[in-house]
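Throughout, numbering of the chain's residues begins at 1 and tracks the sequence. As a basis for the values below, the full set of heavy atoms in this structure was taken, side chains included, without hydrogen atoms, waters or symmetry mates.
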Amino acid sequence: MSNWSDSNDNLFSSSLASYLDRKIIILLRDGRELLGTFRSFDQYANIVLEGTSERVIVGNLCCDIPLGLYIVRGENVMLIGQRESNKEELPPHMTCVSETEIKRAQKADKNAEELKGSTRRRMEFLDFD
């Protein structure tokens with residue numbers, strides 16, 4: 001006969017309850033990454049994070065922007081994973097920069113994408129196909 005508490009542990013091993021009071025990373029539908037301590041959730045999978053920061057990556061630059069206490073609407077969550085706090089999370093080629101520098105890099109990246117899009121629109125009339 002199996003022990004009821006053991007089967008209960010297995011039941012919750014894949015649910016949100018298994019992440020309570022742990023450091024997690026959340027990937028949102030809009031592509032943002034949030035890091036924080038998982039404090040609570042409800043029946044709609046809305047999540048409360050404490051000590052939240054948003055990880056912004058542009059090229060080889062990275063910055064964790066502090067947000068504080070944060071509530072994430074459950075329908076916006078694509079992926080949740082536990083973070084290992086004792087390991088370095090960034091690959092060696094990544095450089096951590098300040099919030100000002102990452103915003104400057106985001107703006108430059110956005111301008112480059114807009115330029116690429118406008119160039120592509122101008123070249124469409126050539127019809128290389």
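Distance alone, capped at 3.5 Å, is enough to place a donor-acceptor pair between the Thr52 side chain and the Gly68 backbone. Although no hydrogens or angles enter the test, the distance criterion places a donor-acceptor pair under 3.5 Å between the side chain of Asn46 and the main chain of Gly74.
Minimum heavy-atom separation, Ser53 to Asp64: OG-CB, 4.0 Å. Nearest approach of Glu99 to Pro66, heavy atoms of both residues: OE1-CD, 4.4 Å. Nearest heavy atoms, Arg32 versus Tyr70: NH1-OH, 3.8 Å. For the residue pair Arg22 and Gln82, the shortest heavy atom distance occurs at NH1-OE1, 3.2 Å.
Taking 4.5 Å as the limit, some side-chain heavy atom of Ile25 sits within range of a side-chain heavy atom of Glu33. The shortest distance between side-chain heavy atoms of Val72 and Val77 falls below 4.5 Å. Contact annotation: the side chain of Lys103 never approaches that of Lys107 to less than 4.5 Å [non-hydrogen atoms, C-beta and beyond]. Between Leu49 and Leu69, the closest side-chain pair of non-hydrogen atoms is not below 4.5 Å. Within the 4.5 Å cutoff, side-chain heavy atoms of Phe41 are placed close to those of Leu20. The shortest distance between side-chain heavy atoms of Leu16 and Ile80 falls below 4.5 Å. Residues Arg55 and Cys62 form a side-chain contact, since some pair of their non-hydrogen atoms from C-beta on lies under 4.5 Å apart. Taking 4.5 Å as the limit, every side-chain heavy atom of Leu79 sits out of range of all side-chain heavy atoms of Ile26.
Leu28 and Val56 are assigned to two separate hydrophobic clusters, defined by single-linkage of ILVMFWY side chains at heavy-atom distances under 4.5 Å.
The CG atom of Leu34 sits 10.0 Å away from atom CG of Asn76, with the distance rounded to the nearest 0.5 Å. For the atom pair CD1 of Ile24 and CZ of Arg39, the computed distance is 10.5 Å after rounding to the nearest 0.5 Å. Considering CD1 of Ile102 and CD of Glu54, their distance stands at 10.5 Å, rounded to 0.5 Å. Residue Glu75 holds its CD atom at 12.0 Å from OH of Tyr44, rounded to the nearest 0.5 Å. Separating the CD atom in Glu50 from the OG atom in Ser40 is a distance of 11.5 Å, to the nearest 0.5 Å.
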Task: side chain to side chain contact (heavy atoms under 4.5 Å, CB included) between Leu35 and Lys23, worked out - done: CA-CA 7 Å; Leu35 299 94; Lys23 291 188 180 291; over 6 Å; no
